[in-house]
Structures are given as C-alpha cells and as structure tokens.
There are 2 protein chains.
Amino acid sequence: MYPALFAHINKFIDLSTNEQEILVSLLKSSTYKKKAFLHEAGATCRANYFVVKGCLRLYFIDIKGVEQTTQFAIENWWISDLTSFLFQQASDFYIQAAEATEVIIIEHRHYDEIFEKIPRLEKYFRLIFQKLHQASQIRIKYLYSQTAEERYTNFSTSFPAFVQRIPQYMLASYLGFTPEFLSKIRARK
Amino acid sequence: MYPALFAHINKFIDLSTNEQEILVSLLKSSTYKKKAFLHEAGATCRANYFVVKGCLRLYFIDIKGVEQTTQFAIENWWISDLTSFLFQQASDFYIQAAEATEVIIIEHRHYDEIFEKIPRLEKYFRLIFQKLHQASQIRIKYLYSQTAEERYTNFSTSFPAFVQRIPQYMLASYLGFTPEFLSKIRARK
DNA sequence: ACGATTTCTTAAACTAGATTAAGTTTTTTG
DNA sequence: CAAAAAACTTAATCTAGTTTAAGAAATCGT
C-alpha cells in the first residue's frame with residue numbers, strides 16, 4: 001500500500017530509504033467499504049487522506065437537508081476538510097468512500113512532524129497544494145462561465161471513465177445542479 | 001517594498017540575511033495605477049504577484065462578453081493564473097489593479113530557481129498554497145449552500161472594509177450574480 | 001434469486017436570478 | 001470645474017434550473 005504513495009512522492013522529489021522509513025512510521029493505512037465514513041460532520045477532521053485505490057468524496061448537508069458534494073479524490077490525490085484539519089475545529093463536512101477504497105493517512109498530530117523530520121516533503125506538499133489550487137481556479141472558471149449542460153458535457157468528455165464510477169446524483173451535485181436536471185440533460189441527447 | 005514581503009515570509013519561516021539578498025536578486029517590484037493590467041488574456045502569464053499595498057483582481061470575459069471576477073488579492077496575498085503561469089501557456093484571464101497597487105513579482109524563469117537556491121521557501125509556499133486551497137473549499141461551500149443574498153450579507157459582514165474598496169459590479173461577479181441583482185438585494189434592506 | 005433499498009426518470013408547477021433597457025448618480029479626467 | 005465616462009438603480013419581462021411527486025429501473029444484501 002505504501003509503495004503507491006512513494007511512487008507518487010518520487011515523481012516530485014527523491015526520498016532516501018531512511019526518510020521513507022521515518023515517513024512510514026508516521027503514517028497509517030486503512031481500507032474502507034463503499035459508503036463507509038472516514039470523517040463525519042460535527043467531529044474534528046483528524047487526518048489528511050491519500051487515495052491509493054478507489055474514490056472518496058467530501059460533502060456537506062445543506063440547510064434543506066440535501067447532500068452537496070464539493071470534492072472527489074481518486075487514486076493519487078489527497079483530500080481533507082482543511083479548515084477543520086489545520087485548526088482542529090469542528091467540521092461541517094463528511095468524507096465518505098464512494099467505492100471500496102484504500103487510503104494512506106497522515107494524522108494531525110504527525111502533520112507538523114513529517115515536515116520537521118523530512119524537510120524535503122515541503123516541496124512535495126507545495127506541489128500538491130499548488131496543483132489543488134490550480135484545479136480550483138479552473139473549476140471556478142467553469143462554474144462561472146458554463147451552463148449546467150455545458151459543465152456536464154465538458155466533464156463527461158474530459159473524464160469519461162470517472163463518470164462511470166460514481167452515481168449521477170453525486171456528479172450532479174459536484175457540477176452544481178440537481179439529479180433531476182441531470183436526467184433531463186441526458187434525455188436531450 | 002521588499003520589507004513587506006519579508007515581514008510576511010518571516011511570519012512562517014526564518015530567512016538569513018544572505019537568503020534575503022539572494023531572493024531580492026530574483027524578484028522585481030512594480031507599481032500599477034488603478035485599472036492597469038499586469039497580465040492580459042491571450043498572453044502567457046509570466047509571473048506570480050504578491051500584493052504589498054492595494055488590490056488586484058483575476059477575471060475573464062465570458063462568451064457573452066461579460067467580465068467574470070474569480071479572485072481578488074489584497075495585501076499579503078499572492079495571485080496568478082496558475083495554469084498559464086506553471087505551464088507557460090496562453091491564458092484566458094486578465095490580472096488588473098482594482099486600486100493603485102504595489103506588487104512584488106516572481107517571474108516564471110526564476111520560479112524554480114528560488115526553490116533551488118532557497119529550499120526553505122518550499123515551506124513558505126506550501127503554507128501559502130495550503131491556505132489558498134483551504135479558502136477555496138470554504139468558498140465552494142458558500143457557493144453551493146447559500147442564496148445570492150446570503151452570500152452578499154455574509155461577505156459584507158465578514159469583510160466590511162474590503163466591500164468599500166471595490167466597485168459593486170466586481171463584488172457581484174465574484175459572489176456569482178449580476179450587478180443588477182446586487183442593487184435589488186441592497187434595496188431590500 | 002428475490003425483496004429491500006438505492007438510484008434514476010419524467011413531467012408539471014414554480015422561482016431565484018438573468019436580461020434588457022432606460023434613467024440617475026458618482027467618479028474621473030483634462 | 002465641467003464634460004465624459006464609469007458605476008449604480010429600477011422595473012418589466014424572461015428563463016435556466018429547482019421543486020415536488022410518483023413511478024421505473026438498477027443494485028444490494030442475504
């Protein structure tokens with residue numbers, strides 16, 4: 001399981017065998033069944049999660065009681081409720097396995113420690129957060145410039161395999177509209 | 001001008017005098033009049049900008065010819081079209097001074113170099129991008145859960161001073177609605 | 001394999017916010 | 001400081017997407 005993370009890290013930086021050993025000692029790994037929760041609203045988000053295999057989603061329940069999916073993480077992506085994780089405060093979000101999922105976990109109590117003991121990881125996470133921020137800029141641009149139908153068509157064309165992996169209601173929410181409207185869009189084709 | 005950046009950097013990491021000198025040699029500073037462009041759509045985004053004083057905005061022009069403001073940067077924030085900046089490809093965005101603005105500039109040709117010569121900066125930018133990603137998660141949550149009026153009320157309460165600094169049409173766009181609708185919201189009070 | 005649960009579809013009624021257009025106020029600039 | 005430009009307001013009309021509700025199809029658990 002850890003080899004998947006090291007393969008990813010090694011795309012960006014070089015870690016010595018010793019550094020890899022230190023890192024493993026500060027990580028945990030776990031597997032979750034489909035629909036299992038890694039974190040629930042009301043609790044403090046204890047960890048940052050790396051997806052080895054599978055898919056996680058970050059969502060909250062809005063004032064009307066409807067689930068709003070705001071982020072997915074597939075293989076080789078990190079996910080967390082950062083506000084809750086960084087400041088160790090109560091979260092409004094759930095993190096749930098959208099498929100059976102293998103993850104590697106950095107708990108908050110070790111988060112500063114990995115950077116103290118392995119300063120090279122600063123670059124790795126600088127690049128991770130840089131990519132996440134870049135992805136956010138693109139996503140906001142789509143949300144602000146495209147209709148619901150355009151976002152769906154565009155996303156389906158860009159990520160056809162991913163669209164097959166998740167229920168339509170999660171995708172509709174992520175793209176900013178209702179499942180009923182997604183059915184209507186699909187019926188138009 | 002550089003002291004403002006060093007004060008900010010020093011909140012997160014310690015730089016030696018020597019490292020500060022190296023960094024200065026790789027940066028530029030500049031001032032822009034209100035409405036001046038730091039970067040225009042069609043061009044490749046050449047730099048990452050740190051706001052010392054003033055306010056920048058990132059926006060694009062949508063298919064209907066309407067400006068869509070997707071991001072602001074005030075004092076002590078960095079801004080760029082990351083996709084264009086990182087991959088040195090043509091940009092769809094403009095970066096414009098919303099007020100007379102003093103900036104510090106890292107050009108792309110020096111971006112890798114600052115990390116090679118001053119590895120400690122990896123931590124600084126890891127923290128910068130971490131904060132930007134955290135801010136994005138909060139913003140998406142508001143966009144997905146609040147009405148236009150709620151977003152305006154909430155933003156005005158959280159950042160009353162900032163709201164006074166920018167034209168309403170920029171704020172309306174940033175919050176995801178039209179200037180006409182913002183007028184209507186304001187008239188309701 | 002089959003009942004239970006989850007997911008998807010359809011369609012009619014509805015609404016938050018957009019559009020259009022004209023007029024007013026504020027700010028900028030020579 | 002006056003004219004021009006930029007920003008804001010108002011109101012009527014319109015529409016993309018929501019809501020509600022009920023049924024159909026797919027998937028899951030045992």
Side-chain angles (χ1 to χ4, degrees), chain A residues 32-37 54-55 57 59 61-69 72 94 96-101 142-156 162-189, chain B residues 32-37 54-55 57 59 61-69 72 94 96-101 142-156 162-189:
Chain A
Y32 295 90
K33 283 193 253 189
K34 190 170 176 175
K35 299 200 178 177
F37 289 102
C55 178
R57 67 164 176 149
Y59 74 92
I61 301 205
D62 72 15
I63 205 167
K64 292 174 186 157
V66 178
E67 288 180 4
Q68 300 290 346
T69 298
F72 291 106
Y94 297 80
Q96 187 189 37
E99 302 173 339
T101 303
Y142 285 140
L143 280 175
Y144 280 44
S145 63
Q146 298 189 323
T147 63
E149 178 160 10
E150 285 166 345
R151 294 198 298 279
Y152 172 70
T153 304
N154 186 57
F155 192 89
S156 299
F162 179 68
V163 169
Q164 298 307 314
R165 291 170 64 175
I166 50 161
Q168 286 176 39
Y169 73 89
M170 288 186 196
L171 181 60
S173 171
Y174 177 76
L175 293 176
F177 47 84
T178 59
E180 291 83 359
F181 195 65
L182 179 49
S183 275
K184 194 186 270 188
I185 289 170
R186 284 160 53 87
R188 301 213 267 247
K189 307 267 163 108
Chain B
Y32 295 89
K33 283 193 254 192
K34 190 172 176 172
K35 295 199 179 178
F37 289 101
C55 178
R57 67 163 175 148
Y59 74 93
I61 302 206
D62 71 17
I63 206 167
K64 292 174 187 158
V66 177
E67 288 179 7
Q68 300 290 346
T69 298
F72 291 106
Y94 298 79
Q96 189 189 38
E99 301 174 338
T101 303
Y142 284 140
L143 280 175
Y144 280 42
S145 63
Q146 298 189 325
T147 64
E149 178 159 11
E150 286 167 344
R151 294 198 298 277
Y152 173 70
T153 305
N154 186 57
F155 192 89
S156 298
F162 179 68
V163 169
Q164 299 306 314
R165 290 170 65 174
I166 50 160
Q168 285 175 39
Y169 73 90
M170 287 185 197
L171 180 62
S173 170
Y174 177 76
L175 293 176
F177 47 82
T178 60
E180 291 82 358
F181 195 66
L182 179 49
S183 276
K184 194 186 271 188
I185 289 170
R186 286 160 53 87
R188 300 214 265 246
K189 309 266 161 112

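In what follows, every heavy atom counts, from backbone to side chain, and hydrogens, waters and symmetry copies are set aside.
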Chemist: For residues A/G54 and A/R165, report the shortest heavy-atom separation together with the two atoms involved.
Modeler: O-NH2, 2.9 Å
Chemist: Take the protein atom CZ of B/F181 and the nucleotide atom P of C/dA18, then report the distance between them rounded to whole Å.
Modeler: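 In whole Å, C/dA18 P lies 7 Å from B/F181 CZ.
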Chemist: Tell me the interatomic distance from A/E180, atom CD, to C/dT7, atom C1', rounded to whole angstroms.
Modeler: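 From A/E180 CD to C/dT7 C1': 11 Å.
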Chemist: Are the side chains of B/Y169 and B/V66 in contact, using a 4.5 Å heavy-atom criterion?
Modeler: no
Chemist: Considering only heavy atoms of chain A and a distance under 4.0 Å, specify the first and last nucleotide of DNA chain D in 5' to 3' order that meet this criterion.
Modeler: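 Going 5' to 3' along DNA chain D, contacts run D/dG17 to D/dC28.
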Chemist: Considering the terminal five base pairs at each end of the helix from C/dA1-D/dT30 to C/dG30-D/dC1, what angle separates the two local helix axes, rounded to 10°?
Modeler: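 Rounded to the nearest 10 degrees, the bend comes out at 70°.
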Chemist: Considering non-hydrogen atoms only, spot the tightest contact between A/M170 and A/A98 and give its length.
Modeler: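 What the structure gives for the nearest pair is SD-CB, 4.3 Å.
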Chemist: When you measure from the side chain of B/T101 to the backbone N and O of B/C55, does any donor-acceptor pair fall under 3.5 Å?
Modeler: yes
Chemist: Mind listing the side-chain donor-acceptor pairs of residues 174-187 of chain A below 3.5 Å, one per line with the distance, residues two or more places apart or on another chain?
Modeler:
unit_1 : atom_1 : unit_2 : atom_2 : d
A/T178 : OG1    : A/F181 : N      : 3.2
A/R186 : NE     : A/Q168 : OE1    : 3.3
A/R186 : NH1    : A/Y152 : OH     : 3.4

Chemist: Please list, by residue number, the residues of residues 163-171 of chain A whose heavy atoms come closer than 4.0 Å to an atom of DNA chain D; answer none if no residue qualifies.
Modeler: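 Result for residues 163-171 of chain A: none.
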Chemist: From CG of B/L143 over to C1' of C/dA16, roughly how many Å is that when rounded to an integer?
Modeler: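 My rounded result for the distance is 15 Å.
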Chemist: Minimum heavy-atom separation for B/E150 and B/Q146, please, with both atom names.
Modeler: OE1-CA, 3.2 Å
Chemist: Could you walk me through whether B/F162 and B/F72 satisfy the ring-ring contact (aromatic ring centres under 6.0 Å, His included) test, starting with their C-alpha distance in whole Å, then the side-chain angles of each, then the deciding distance to 0.1 Å, before giving a yes or no?
Modeler: CA-CA 10 Å; B/F162 179 68; B/F72 291 106; 5.1 Å; yes
Chemist: Which pair of heavy atoms, one from B/V163 and one from B/S156, lies closest together, and at what distance?
Modeler: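 Scanning both residues, the minimum pair turns out to be CG2-CA, 3.9 Å.
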Chemist: Taking all non-hydrogen atoms of both residues, which atom of B/F37 and which atom of B/Y94 are closest, and how far apart?
Modeler: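 Closest approach of B/F37 to B/Y94: CE2-CD2, 3.7 Å.
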Chemist: Please state how far atom CD1 in B/I185 lies from atom P in C/dG17, giving the value in whole angstrom units.
Modeler: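 B/I185 atom CD1 is separated from C/dG17 atom P by 7 Å.
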Chemist: How close or far is atom C1' of C/dT19 from atom CG of B/L182, stated in whole angstroms?
Modeler: 16 Å
Chemist: Is there a side-chain contact between A/Q96 and A/E67, using heavy atoms and a 4.5 Å cut-off?
Modeler: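 Not touching, per the 4.5 Å side-chain cut-off.
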Chemist: Figure out the CZ/P separation between A/R186 and C/dT10, and round it to whole Å.
Modeler: 10 Å
Chemist: Contact list please: residues 144-155 of chain A against DNA chain C, heavy atoms, distance less than 4.0 Å, in numerical order.
Modeler: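 By residue number: none to list.
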Chemist: Where do N or O atoms of nucleotides 26-29 of chain C meet protein N or O atoms at under 3.5 Å, pair by pair?
Modeler:
unit_1 : atom_1 : unit_2 : atom_2 : d
C/dT28 : OP1    : B/K34  : NZ     : 3.2

Chemist: Drop me the distance from A/N154's CG to A/Y142's OH, to the nearest 0.5 angstrom.
Modeler: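 It comes to 4.5 Å.
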Chemist: Rounded to the Å, how far apart are B/K64 NZ and C/dG17 C1'?
Modeler: 12 Å
Chemist: Hey, what do you get for CZ (A/R57) to NZ (A/K35), rounding to the nearest 0.5 Å?
Modeler: 9.0 Å
Chemist: Would you find a donor on one side and an acceptor on the other, under 3.5 Å apart, between the side chain of B/S173 and the backbone of B/T69?
Modeler: yes
